[in-house]
Amino acid sequence: MDRDTLNKQRLLVLRDVMTLLDVDWSFDHAAEPVHTLFEWTATESSRTFRCNATTNLSSLRFTVQACLQGEPTSQRLGSLDELNAKWGIGRVYYDSEQQHFDISGGLFLGTGLPAPVILRDLLGHLVEGTSQVQKMNVPRFNVTHEPENPASLQNIFDVLVQTGLQPQHRPQLNRVGVRVALSANQDFVFEFELDDSNCLRVGVLENNPVALVNDDSVIEYLQNVNRGLDFGTVYFDRANGRFVFLMAIPLAWFPIDSQIIRWIMQQSISVMTKLQLDMERFA
């Protein structure tokens, strides 16, 4: 697939997404990859935010622009990084090019375009979450519809086995873990858990991490990393001096099956491999 064909497909997907959202919008052809631009109003505050959407064809990303005011001090960036570590559906980061803070979140597109209610769920969560992020609180996902097939950790365990993996129950942590070792350098641990807002949370870390000690530089670096992600968030695990990739998926959005598990693995390994290339300069 050449670049022109890929861009045309992105345009078609974005057009269909905006049609489902039923808002006034325009293409930003100057952005790379191409974005749509539109506005969305928060129900609680009645504040209207400038937003954009983009896609890489396997996922869709919404961004709420200029959601926070203030300077990107080390203390503030550190606090927002700690917030990201507890969130997972969305992430907040400082866009150094535009010089403002944005919030982004993504959706899986592997089964086709999500239903309009799912698009509105994500966008509403990000926009409504700005008021909580401003208070340094983690936005809570409110389910507007219950999943058709509620998951359990045993369900997650069984799907991982069906995908060809060898998971382990970790009852003391109320999690299921699985190690994915592709090579000596690509050796990762995935941890799956269900939270109290009916989301599947997946944390990914290196099995043999390089200890990171340069805290301020690491946090500044992560702003650009999170700006470039389509899905999930990367945060700095201070207690262990390492990066962690986190994503949270509301169970009402998708059935947790082998297809989405494989996508989670691919997304996570791609992000973590990219991080590995930069880790040594922070050690």
Discussion item. Using only atom types and a distance under 3.5 Å, with no angle test, would you say the side chain of Thr273 pairs donor to acceptor with the backbone of Ser270?
Written reply: no
Worksheet item: For Glu97, what residues pass the side-chain contact (heavy atoms from CB on, under 4.5 Å) criterion, not counting sequence neighbours?
Response: Asp95, Arg227
Item to complete: Check Leu77 against Pro72 and note the closest heavy-atom contact, atom names and distance.
Response: CD1-O, 3.7 Å
Worksheet item: Within a strict 4.5 Å, meaning less than it, do heavy atoms of the Phe190 and Ile261 side chains meet?
Response: no
Worksheet entry | Phe231-Trp263 aromatic ring centre distance below 6.0 Å | yes
Discussion item. Quick check against the 3.5 Å criterion: does Arg91 have a side-chain atom that pairs as donor or acceptor with the backbone of Asn226?
Written reply: yes
Worksheet item: Going through the distances and angles, do Leu123 and Phe49 end up as a side-chain contact (heavy atoms from CB on, under 4.5 Å)?
Response: CA-CA 11 Å; Leu123 190 53; Phe49 292 89; over 6 Å; no
Fill in: Candidate pair Lys86 and Asp195, rule salt bridge (charged side-chain N to carboxylate O under 4.0 Å, His left out), full reasoning
CA-CA 11 Å; Lys86 300 174 184 176; Asp195 68 16; over 6 Å; no
Fill in: Check against side-chain contact (heavy atoms from CB on, under 4.5 Å), Arg15 and Trp25
CA-CA 9 Å; Arg15 183 198 63 187; Trp25 61 276; 4.1 Å; yes
Worksheet item: Considering only heavy atoms from C-beta outward, does the side chain of Leu122 approach that of Leu60 to under 4.5 Å?
Response: no
Worksheet item: Does Arg10 reach the main-chain N or O of Thr55 with its side chain, forming a donor-acceptor pair under 3.5 Å?
Response: yes
Response to the item:
Taken to the nearest 0.5 Å, the spacing of Leu68 CG from Leu80 CG works out to 6.5 Å
Fill in: Crowding at CD, Gln186 (>12 non-hydrogen neighbours, <6.0 Å)
yes
Discussion item. If we count only N and O atoms by modelled type, under 3.5 Å, do the side chains of Ser183 and Asn185 hold a donor and an acceptor together?
Written reply: no
Fill in: Those residues that, when tested against Asn174, pass side-chain contact (heavy atoms from CB on, under 4.5 Å) (two or more places apart)
Leu153
Item to complete: Begin with the C-alpha distance, continue with both residues' side-chain angles, and end with the deciding distance and a verdict on side chain to side chain donor-acceptor pair (under 3.5 Å) for Ser152 and Asn155.
Response: CA-CA 5 Å; Ser152 67; Asn155 297 146; 3.1 Å; yes
Worksheet, complete the sentence: When every non-hydrogen atom of Ser197 is compared with those of Phe141, the smallest separation belongs to CB-O, 3.7 Å
Practice prompt. Take Val225 and Phe243 through the side-chain contact (heavy atoms from CB on, under 4.5 Å) test and state the conclusion after the steps.
Written response: CA-CA 11 Å; Val225 172; Phe243 294 134; over 6 Å; no
Worksheet item: Looking at side-chain heavy atoms only, is the closest gap between Met247 and Ser268 below 4.5 Å?
Response: yes
Discussion item. I'd like to know if Arg120 and Asp22 make a salt bridge, using a cut-off of under 4.0 Å between side-chain N and carboxylate O.
Written reply: no
Discussion item. Test of understanding: clusters of I, L, V, M, F, W, Y form through side-chain heavy atoms closer than 4.5 Å, transitively. Do Val138 and Ile103 belong to the same one?
Written reply: yes
Worksheet entry | Side chain to side chain, Leu11 and His29, heavy atoms closer than 4.5 Å | yes
Practice prompt. Provide the closest heavy-atom pair for Asp102 versus Gln65 in the form atom of the first, atom of the second, distance.
Written response: OD1-CA, 3.3 Å
Worksheet item: Of the non-hydrogen atoms in Phe101 and Glu71, which two are nearest, and what is the gap between them?
Response: CZ-O, 4.1 Å
Worksheet item: Mind checking whether Ile89 and Cys199 have side chains closer than 4.5 Å, heavy atoms only?
Response: yes
Discussion item. Looking at every heavy atom in both Ile260 and Pro255, which two are closest together, and how far apart are they?
Written reply: CG2-O, 3.8 Å
Worksheet entry | Stepwise side-chain contact (heavy atoms from CB on, under 4.5 Å) check, Ser258 with Val159 | CA-CA 6 Å; Ser258 297; Val159 171; 4.3 Å; yes
Discussion item. Could you tell me if Arg76 sits above the aromatic ring of Tyr94, with its cationic atom closer than 6.0 Å to the ring centre and no more than 45 degrees from the axis?
Written reply: no
Sequence neighbours left out, cut at 3.5 Å: what donor-acceptor pairs do the side chains of residues 34-44 make with other protein atoms?
residue	atom	partner	partner atom	Å
His35	ND1	Pro33	O	2.7
Thr41	OG1	Thr48	OG1	2.8
Thr43	OG1	Glu128	OE2	3.4

Item to complete: Check whether Leu246 and Ile219 end up in the same hydrophobic cluster, where Ile, Leu, Val, Met, Phe, Trp and Tyr are linked by side-chain heavy atoms less than 4.5 Å apart.
Response: no
Practice prompt. Provide the closest heavy-atom pair for Arg201 versus Ala85 in the form atom of the first, atom of the second, distance.
Written response: NH2-O, 3.5 Å
Worksheet item: Quick check: are there more than 12 heavy atoms from other residues, nucleotides or ligands sitting under 6.0 Å from CD of Gln154?
Response: yes
Item to complete: Taking the side chain as every heavy atom from C-beta outward, state whether Phe108 and Pro114 have any pair of such atoms under 4.5 Å apart.
Response: no
Fill in: Sub-4.5 Å side-chain heavy-atom contact between Arg238 and Asp81
yes
Worksheet item: Do Thr233 and Tyr93 pass the side chain to side chain donor-acceptor pair (under 3.5 Å) test, and can you show the C-alpha distance, the side-chain angles, and the key distance before you say yes or no?
Response: CA-CA 10 Å; Thr233 186; Tyr93 54 87; over 6 Å; no
Item to complete: Report yes or no: do Leu119 and Leu12 belong to one cluster of Ile/Leu/Val/Met/Phe/Trp/Tyr joined by side chain heavy-atom distances under 4.5 Å?
Response: no
Practice prompt. Please answer whether the main-chain N or O of Gly124 pairs with a side-chain N or O of Asp121 as donor and acceptor at a distance below 3.5 Å.
Written response: no
Worksheet item: Roughly how far, to the nearest 0.5 Å, is CG of Leu277 from CE of Met272?
Response: 11.5 Å
Worksheet item: Does one hydrophobic cluster hold both Leu165 and Phe188, with members joined at side-chain heavy-atom distances below 4.5 Å?
Response: yes
Practice prompt. Would you check if Leu212 and Asp237 make a side-chain contact, meaning some heavy-atom pair closer than 4.5 Å?
Written response: no
Discussion item. In this structure, would Val244 and Ile249 fall into the same cluster of hydrophobic residues linked by side-chain contacts under 4.5 Å?
Written reply: no
